[in-house]
Amino acid sequence: MSIEPQAFMSTLEKRVCLTAEDKMLLKSETDWGKEIAPEMAEHFYAYLGRDEEMNAILTATDGRMHRLRETFIEWFHEMFTGMDDWGKDYAERRWKIGLVHVRIGIGPQHVVPAMATVIREAGYRAKKDGKSEEIKEAMSRICMIDLAFIEQAYVEVSSQAVLRETGWSEGLFRRLIATGANSM
């Protein structure tokens, strides 16, 4: 059940229709992406900080919020640069980011609406700055890819933990999940 990040990235690019034109557009707006990244981090963490459970996670250790903000700014800017043209390095970094979310307990129920906040606020900022509708669409697509990496990390970690602890085969595990879903 374990994914290969670069293959997953390729699949996601097709699924969300991230095009070569989107990538060129994102790269052309790299400076703008870097400029607005701190503001987007503020919106992201302000949103998460309003939730009691998330605030406890974000402030659990000294300096965590600062480190997370710095990482967010870097992550946001990387969506525009593509690091290595959205290849192996980009995919592996996104996978590692997903695993960190799992490790510190930031679940999909928090990440999905927080990502929606980033997309909305970046869209507002793009409009304010006179950017094209196309850049807003490209940002939405790349954000959805990054979000899928985080969500998939939860699926993979949970699945692998169950398989390791129970000794079940992957086929049995999938049948049990399907049966459980059918009974709900």
Side-chain angles (χ1 to χ4, degrees), residues 1-3 5 8-9 11-13 15-16 18 26 33-83 86 89-127 135-165 173 177 180-181 184:
M1 293 178 91
S2 187
I3 71 162
F8 189 62
M9 180 75 189
T11 299
L12 292 172
E13 284 184 37
R15 288 182 179 159
V16 303
L18 184 73
L26 287 165
K34 187 174 188 173
E35 175 190 329
I36 71 167
E39 178 185 341
M40 296 305 112
E42 289 303 315
H43 290 296
F44 184 78
Y45 289 110
Y47 171 82
L48 290 173
R50 289 191 298 266
D51 181 274
E52 189 176 318
E53 180 184 358
M54 272 309 308
N55 192 53
I57 292 169
L58 296 172
T59 59
T61 60
D62 285 342
R64 178 179 274 176
M65 276 301 300
H66 175 75
R67 288 188 307 276
L68 290 172
R69 283 181 200 278
E70 293 302 310
T71 300
F72 179 98
I73 290 167
E74 188 177 339
W75 162 80
F76 190 86
H77 185 236
E78 287 170 356
M79 287 193 298
F80 289 84
T81 67
M83 294 174 65
W86 295 271
D89 291 343
Y90 188 90
E92 287 179 2
R93 176 131 159 86
R94 275 21 195 193
W95 182 241
K96 287 177 186 170
I97 288 170
L99 294 174
V100 168
H101 281 78
V102 174
R103 190 175 317 116
I104 67 173
I106 302 175
Q109 74 275 20
H110 298 294
V111 175
V112 172
M115 186 70 84
T117 299
V118 170
I119 292 168
R120 184 185 68 242
E121 294 298 332
Y124 291 157
R125 180 63 192 264
K127 184 175 182 178
I135 191 64
K136 289 173 21 181
E137 293 297 321
M139 283 190 307
S140 287
R141 283 190 276 281
I142 196 63
C143 281
M144 289 302 97
I145 288 172
D146 284 16
L147 180 59
F149 268 100
I150 294 168
E151 289 186 337
Q152 192 64 33
Y154 274 92
V155 170
E156 296 294 327
V157 168
S158 299
S159 300
Q160 291 301 316
V162 168
L163 293 175
R164 234 182 352 267
E165 290 296 317
F173 182 65
I177 290 173
M184 295 184 108

From Ile57 atom CD1 to Leu48 atom CG, the distance as rounded to the nearest 0.5 Å:
9.5 Å
Starting at NE2 of His101, measure out to CZ of Phe149 and round the result to the nearest 0.5 Å.
13.5 Å
For Glu42, which residues count as a salt bridge (charged side-chain N to carboxylate O under 4.0 Å, His left out) partner, sequence neighbours excluded?
Arg69
Starting at NE2 of His110, measure out to CE of Met54 and round the result to the nearest 0.5 Å.
6.0 Å
One should read off an interatomic distance between Leu147 CG and Ile119 CD1, to the nearest 0.5 angstrom, of 7.5 Å
Just do the salt bridge (Lys or Arg N to Asp or Glu O under 4.0 Å) check on Arg94 and Glu78 with the steps written out, would you?
CA-CA 10 Å; Arg94 275 21 195 193; Glu78 287 170 356; 2.6 Å; yes
Are the side chains of Ile142 and Tyr90 in contact, using a 4.5 Å heavy-atom criterion?
yes
Does any non-hydrogen side-chain atom of Thr59 lie less than 4.5 Å from one of Met65?
yes
Listed by chain and number, what are the salt bridge (charged side-chain N to carboxylate O under 4.0 Å, His left out) partners of Glu70, not counting sequence neighbours?
none
Does some side-chain heavy atom of Arg64 sit less than 4.5 Å from a side-chain heavy atom of Ile104?
yes
Indicate yes or no: at least one non-hydrogen side-chain atom of Trp75 is less than 4.5 angstrom from one of Asp146.
yes
Would the distance check show the side chain of Arg67 and the main-chain N or O of Gly63 forming a donor-acceptor pair, the cut-off being under 3.5 Å?
yes
State the CE-NE2 distance between Met79 and His77, to the nearest 0.5 angstrom.
10.5 Å
Are Arg125 and Glu35 close enough for a salt bridge, meaning some N to O gap below 4.0 Å?
yes
Atom pair CZ/CG of Phe80 and Leu26 - distance to nearest 0.5 Å
6.0 Å
Going by atom types only, do Tyr45 and Asn55 share a side-chain donor-acceptor pair under 3.5 Å?
no
Are Met144 and Leu18 packed together at the side-chain level, in the sense that at least one heavy-atom pair is separated by less than 4.5 angstrom?
no
Plane angle bin for Phe76 and Phe72 - parallel if under 30°, tilted between 30 and 60°, otherwise perpendicular:
parallel
Who passes salt bridge (charged side-chain N to carboxylate O under 4.0 Å, His left out) against Glu53, sequence neighbours left out?
none
